[in-house]
Amino acid sequence: MRAYAKRATALAAGLSSSSVVMADWTMNMTPGVTGISNQIFSLHMTILWICVVIGVVVFGVMFWSIFAHRKSRGHKAANFHEHTVIEVIWTIIPFAILVAMAIPATATLIEMYDTTESDVDIKVTGYQWRWQYEYINEDFGYFSSLSTPRAQIENRQAKGENYLLEVDNPLVIPVGKKVRFLLTANDVIHSWWVPDFGVKKDAIPGFINETWTRVDKPGTYRGQCTELCGKDHGFMPVVVEAVPEEEYNAWVASQREAAEKERQLTQKDWTLDELMVRGEKAYQTACASCHQPDGTGMPPAFPALKGSPIATSDMAAHIDIVVNGKSGTAMQAFGGQLSEVDLAAVITYERNAWGNNTGEMVTPKEIFDYKNQGSQ
Amino acid sequence: MAVTGVFMSAVADTHSQEHHHGPAKGISRWLLTTNHKDIGSMYLIFSFAMFLLGGSMAMVIRAELFQPGLQIVQPEFFNQMTTMHGLIMVFGAVMPAFVGLANWMLPLMIGAPDMALPRMNNWSFWLLPCAFLILVSTLFMEGGAPNFGWTFYAPLSTTYGPPSTTFFIFAIHIMGVSSIMGAINIIATIMNLRAPGMTLMKMPLFVWTWLITAFLLIAVMPVLAGAVTMMLMDINFGTSFFDASGGGDPVLFQHVFWFFGHPEVYIMILPAFGAISHIVSAFSRKPLFGYASMVYAVGAIALLSFIVWAHHMFTVGVPLAGQLFFMYATMLIAVPTGVKVFNWVTTMFRGSLTFEAPMLFAVAFIILFSIGGFSGLMLAIAPADFQYHDTYFVVAHFHYVLVPGAIFGIFASAYFWLPKWTGHMYDETLAKTHFWLSFIGMNLAFFPMHFLGLAGMPRRIPDYALQFADFNMVSSIGAFMFGATQLLFLFIVVKCARGGEKAPAKPWDGAEGLEWTLPSPAPYHTFTTPPDIK
Ligand code: HEM
Ligand SMILES: [Cu+2]
Ligand SMILES: [Cu+2]
């Protein structure tokens, strides 16, 4: 309800800043911010107008008949039922229009498929239900998940401006550079879409798809997953920040540094409490969508961890399922997705939260050893 | 059941002109009947029941989407609703309705005493309730009903599917068997039982369109069966057809599915093309313009429908050459489709028009189906489809071809032939009310979906960003209006079956065809001796 009040106020206040008002009643595609998106927009408008014109002519004739050739107006039916010339004409004209339309469409398509000579390469991997971005030449990567609080989704809190279109870690790209995306998926098919770029491509397990963009205007651009990928398909947005090149370089440097720091954390001596704090955070972003924030899961699809035998007794099995996943089920291998610290933290958390009071902990070092022994 | 009773009594009570006995008594009449009229009625009643069931699921979807935020259902259940809604509407409402019309009308239109294979006819029908009993029962199973969309893309439907998926596969198999048997029966009937003198190019268009549809069915239902069988193997027998980690190929699934799926959408519309041609001509009191080109256009559409499937897969990563081929082939379909629309409009041109309910639905069909055709042409432009694909623009597109296309085509046919079926005229005022409320509701529900899609709202989501709120609310209001209106149709049909003004043999003065040479209601057995064709 409060969202409405907010929008009503926006409506009243918005007469001057009309974009706020218009946003609620957007009726058309927008031209977007890339060359491709502009070309798509003009194809869209061209074909739309062609349809409108044909529609006006054809329905014009029809409405004329409906108006003038009614029996109630005493109109007598003619008896013609064939006319070869007319029939040939109205086969050829649409064909010619379509050929005219196919030419610019083909040109745009060829350009969209040209992924050569990129400046930046980013690997995008779809997971149920978040995106992973890996900067291939820079040796770092991270996950990007929905950051809208549950309370807003469940209507216990007013919805924010970017409701469902906001993430914890947006993708960052430099303006003016050709960015190539390599898309794949870890579980089911997802589709990565940023309307303003005119970029949409499916992320398919076992395949690597390519697409590209070049953004000239700095800004924050928002999109969503567009291929049904299970329960939280509606809750895995895409947010891209296009920034000037210097800013981008500085950001890359800081990311690399942070990645290095994270690797060092593995060597630190962790206490149970520290792991619990970190584990709760990691659990909420990586695990809660299936196993639920309170660990009760959603049987039979997603088992409860609260009181589960694996999470309360068999430590080895617990580490194994989290690191290696269980093939053929939605339980993924988190070994490659989370750092050793997060793995240790989340397992420790699961063994001590919600009444699973085992008092046991596993350290990042142990996880590191487990992974390296496991890979031999 | 009550409906069945009244609906049927109109046929049952009529004293048969021929020396045949009438229908059997009691339940065995329905279980064991081989009469094309009884079976046709059962198909129609079944399909209407499924329409209401699939419609109530649409109401759940629209209620959840009335406002942003999760209000009445959780995402898992929402996905089950969209999936079941799509499956039930396609396989339970639209396809059986056309088979029902075919059963009733084909023998009457070609002067045949019954369908060529009456026992198989009974079996094809009774398989359907079995299939849907299984499908609907998945809603009550542990883990819920199928939740992967009516397109059930692997691996979401295999590795990640709910336990009930195996039952879903079984249900699809049974529906497929039923459809294939129905199609064989229709082809056998049309090829063998036409009255002497009825050459192919003298066949009514409804017969023509159904003949072509039946061939499409025989060609693609086995492909669907193949797709679900591969799923069955992946799920239960350890194969990896669609599982990348086992060396399989998830994209293969989409190719196989859409090789079935695209002809399937024509299966849902071609019979309506045929029926609409009769209705437009009847209420224009003028022969159909371009009969021959209508036949060729339907043939061309059917052939083209086999080489356009990958237009559903433009974002999948098809190579450029493939992308271009499928774009050109898809655009080409607009030509024969345009020919049909031009022919209908020219049939009306300089006619002597009246607007009884069948004609209202037929005119709305032409206009609104064309709007769906226009958005289809837009979707065919591959670069633009990258923006449209899997958004509400697509939902708008296919509802414009399915609701005013398939469903209005069925309503138009029902009103057109109800006098022949029941022997009574339906209530014209109520029928016009049904039309106008449906027309307004449907446009209110589906037109704003174009805007939502263009503004960026993906399909199959239970919750959405705030900028989509207003049009979603409008759309939901329209949907409730459309949904509620359909109860009025039920009332009109029951009322008409029970009584009302007696219908003459030919209630529409412009109508042509053998069916109108029979008394209304059509006797239980008709054309036991073939009529003469001039
Ligand atoms: C009663 C009026 C109807 C309403 C209000 C309605 C509403 C909807 C909505 C809102 C969706 C989109 C769900 C989503 O993407 O989240 C949908 C999907 C669908 N509808 Fe309808 N619909 C109606 C009638 C029909 C009819 C008559 C048919 C077919 C003959 C049909 C076939 C489909 C199909 C195939 C889907 C796609 C399901 C999927 O995404 O897997 N609908 N419907
Ligand atoms: Cu998704
Ligand atoms: Cu198609």
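Within every chain, numbering begins at 1; the chains are lettered A, B, ... in the order of the sequence lines, protein sequences first and strands thereafter. We use all heavy atoms of the structure for the numbers below, so side chains are in, but hydrogens, waters and symmetry mates are not.
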Enquirer: Which one wins on heavy-atom pair count under 4.5 Å against chain B: A:Gly206, A:Pro195, A:Ala301?
Expert: A:Pro195
Enquirer: So which part of A:Leu183 gets closer than 4.5 Å to some heavy atom of chain B, the side chain, the backbone, both or neither?
Expert: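 Interface part for A:Leu183: neither.
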Enquirer: Could you tell me which portion of B:Ile381 (side chain, backbone, both or neither) has an atom closer than 4.5 angstrom to a non-hydrogen atom of chain A?
Expert: side chain
Enquirer: Just do the side chain to side chain contact (heavy atoms under 4.5 Å, CB included) check on A:Met236 and A:Leu146 with the steps written out, would you?
Expert: CA-CA 6 Å; A:Met236 53 181 290; A:Leu146 179 76; over 6 Å; no
Enquirer: By a 4.5 Å heavy-atom criterion (distance strictly below it), what part of B:Asp463 contacts chain A: side chain, backbone, both, or neither?
Expert: both
Enquirer: At a 4.5 Å cut-off on heavy atoms, which part of A:Ile204 comes close to chain B: side chain, backbone, both, or neither?
Expert: side chain
Enquirer: For the candidates B:Ala382, B:Ala244, B:Ala455, B:Gly351, which exhibits the highest count of non-hydrogen atom pairs separated by less than 4.5 Å from chain A?
Expert: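 Most heavy-atom pairs within the cutoff with chain A belong to B:Gly351.
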Enquirer: Heavy-atom pairs under 4.5 Å with chain A are the metric here; pick the option from B:Val316, B:Thr354, B:Thr346 that has the most.
Expert: B:Val316
Enquirer: Under 4.5 Å, counting heavy-atom pairs only, tell me which of B:Phe314, B:Tyr388, B:Phe393 racks up the most with chain A.
Expert: B:Tyr388
Enquirer: Can you tell me which portion of B:Ala154 sits under 4.5 Å from chain A's heavy atoms? Options are side chain, backbone, both or neither.
Expert: backbone
Enquirer: Can you say whether A:Thr329 sits under 4.5 Å from chain B via the side chain, the backbone, both, or neither, judging by heavy atoms?
Expert: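 Contact with chain B is through the backbone of A:Thr329 alone.
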Enquirer: Tell me, side chain or backbone of B:Ser284 under 4.5 Å from chain A's heavy atoms, or both, or neither?
Expert: backbone
Enquirer: Please classify the contact between A:Asp187 and chain B as side chain, backbone, both or neither, with a heavy-atom cut-off of under 4.5 Å.
Expert: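 Interface part for A:Asp187: both.
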Enquirer: Under 4.5 Å from any heavy atom of chain A, what part of B:Phe342 do you find: side chain, backbone, both or neither?
Expert: both
Enquirer: Tell me, side chain or backbone of A:Asn79 under 4.5 Å from chain B's heavy atoms, or both, or neither?
Expert: both
Enquirer: What part of B:Phe386 is in contact with chain A, defined as an atom under 4.5 angstrom from a non-hydrogen atom: side chain, backbone, both or neither?
Expert: both
Enquirer: Using a cut-off of under 4.5 Å on heavy-atom pairs, state which of A:Val199, A:Asp232, A:Ile66, A:Val52 scores highest against chain B.
Expert: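 Most pairs with chain B among the choices: A:Ile66.
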Enquirer: Is B:Tyr160 in contact with chain A via its backbone, its side chain, both, or neither, using a 4.5 Å heavy-atom distance?
Expert: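 For B:Tyr160, the contact with chain A is made by the side chain alone.
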Enquirer: Among B:Thr347, B:Leu332, B:Thr158, B:Val335, who wins on heavy-atom pairs under 4.5 Å with chain A?
Expert: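 The answer is B:Val335.
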Enquirer: Name the region of A:Glu210, side chain, backbone, both or neither, that has any atom closer than 4.5 Å to a heavy atom of chain B.
Expert: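 The answer is neither part of A:Glu210.
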Enquirer: Just so I understand: if I count every heavy-atom pair under 4.5 Å between each of A:His44, A:Gln39, A:Glu82 and chain B, which residue has the most?
Expert: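 Between A:His44, A:Gln39, A:Glu82, the count favours A:His44.
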Enquirer: Please work out which of the three classes, parallel, tilted or perpendicular, describes the rings of B:Tyr400 and B:His450, given edges at 30° and 60°.
Expert: tilted
Enquirer: Side chain, backbone, both or neither: which part of A:Tyr163 has a non-hydrogen atom closer than 4.5 Å to chain B?
Expert: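 Answer is both: backbone and side chain atoms of A:Tyr163 are under 4.5 Å from chain B.
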Enquirer: Need one label for A:Phe235: side chain, backbone, both or neither, based on atoms under 4.5 Å from any heavy atom in chain B.
Expert: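 Side chain of A:Phe235 only, per the 4.5 Å heavy-atom cut-off to chain B.
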Enquirer: Would you mind checking which part of A:Asn28 comes under 4.5 Å of any heavy atom in chain B, side chain (CB onward), backbone (N, CA, C, O), both or neither?
Expert: both
Enquirer: Out of B:Val339, B:Asn147, B:Asp243, B:Val341, which one racks up the most heavy-atom pairs below 4.5 Å with chain A?
Expert: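 Max contact count across the listed options: B:Val339.
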Enquirer: Is A:Lys71 reaching over with its side chain to a backbone N or O of B:Ser352, donor-acceptor style, under 3.5 angstrom?
Expert: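 No; judged by distance alone, with no hydrogens or angles, the pair does not exist.
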Enquirer: Is it the backbone or the side chain of A:Phe67 that comes under 4.5 Å from a heavy atom of chain B, or both, or neither?
Expert: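 Neither the backbone nor the side chain of A:Phe67 comes within 4.5 Å of chain B.
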Enquirer: Of all of A:Cys229, A:Ser72, A:Cys225, which one pairs up most often with chain B through heavy atoms under 4.5 Å apart?
Expert: A:Cys229
Enquirer: Find the one option among A:Ala77, A:Gly223, A:Gly55, A:Ser37 whose heavy-atom pairs under 4.5 Å with chain B are most numerous.
Expert: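 When all of A:Ala77, A:Gly223, A:Gly55, A:Ser37 are compared, A:Ala77 has the most.
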Enquirer: If you count heavy-atom pairs under 4.5 Å with chain A, which of B:Ala384, B:Gly510, B:Pro287, B:Gly144 comes out on top?
Expert: B:Pro287
Enquirer: For A:Trp64, does its backbone N or O pair with a side-chain atom of A:His69 as donor and acceptor, under 3.5 Å?
Expert: no
Enquirer: Select one option (side chain, backbone, both, neither) describing which atoms of B:Gln80 are under 4.5 Å from chain A's heavy atoms.
Expert: neither
Enquirer: B:Met327 versus chain A, heavy atoms under 4.5 Å apart: side chain, backbone, both or neither?
Expert: side chain
Enquirer: Go through A:Arg73, A:Glu87, A:Met298 and name the one with the most non-hydrogen pairs under 4.5 angstrom from chain B.
Expert: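 Maximum pair count with chain B is reached by A:Glu87.
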Enquirer: Judged by atom type as modelled, is there a donor-acceptor pair below 3.5 Å linking the side chain of B:Thr315 to the main-chain atoms of A:Lys201?
Expert: no
Enquirer: For B:Asp234, is it the side chain, the backbone, both or neither that has a heavy atom under 4.5 Å from a heavy atom of chain A?
Expert: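 Neither the backbone nor the side chain of B:Asp234 comes within 4.5 Å of chain A.
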Enquirer: For A:Arg222 and A:Leu165, indicate whether the former's side chain and the latter's backbone hold a donor-acceptor pair under 3.5 Å.
Expert: yes
Enquirer: Under 4.5 Å heavy-atom distance to chain A, tell me which part of B:Pro448 shows up: side chain, backbone, both or neither.
Expert: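 Interface part for B:Pro448: neither.
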Enquirer: Say whether A:Ser191 and B:Asp390, considering side chains only, have a donor N or O and an acceptor N or O under 3.5 Å apart.
Expert: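 A:Ser191 vs B:Asp390: no donor-acceptor pair found between side chains.
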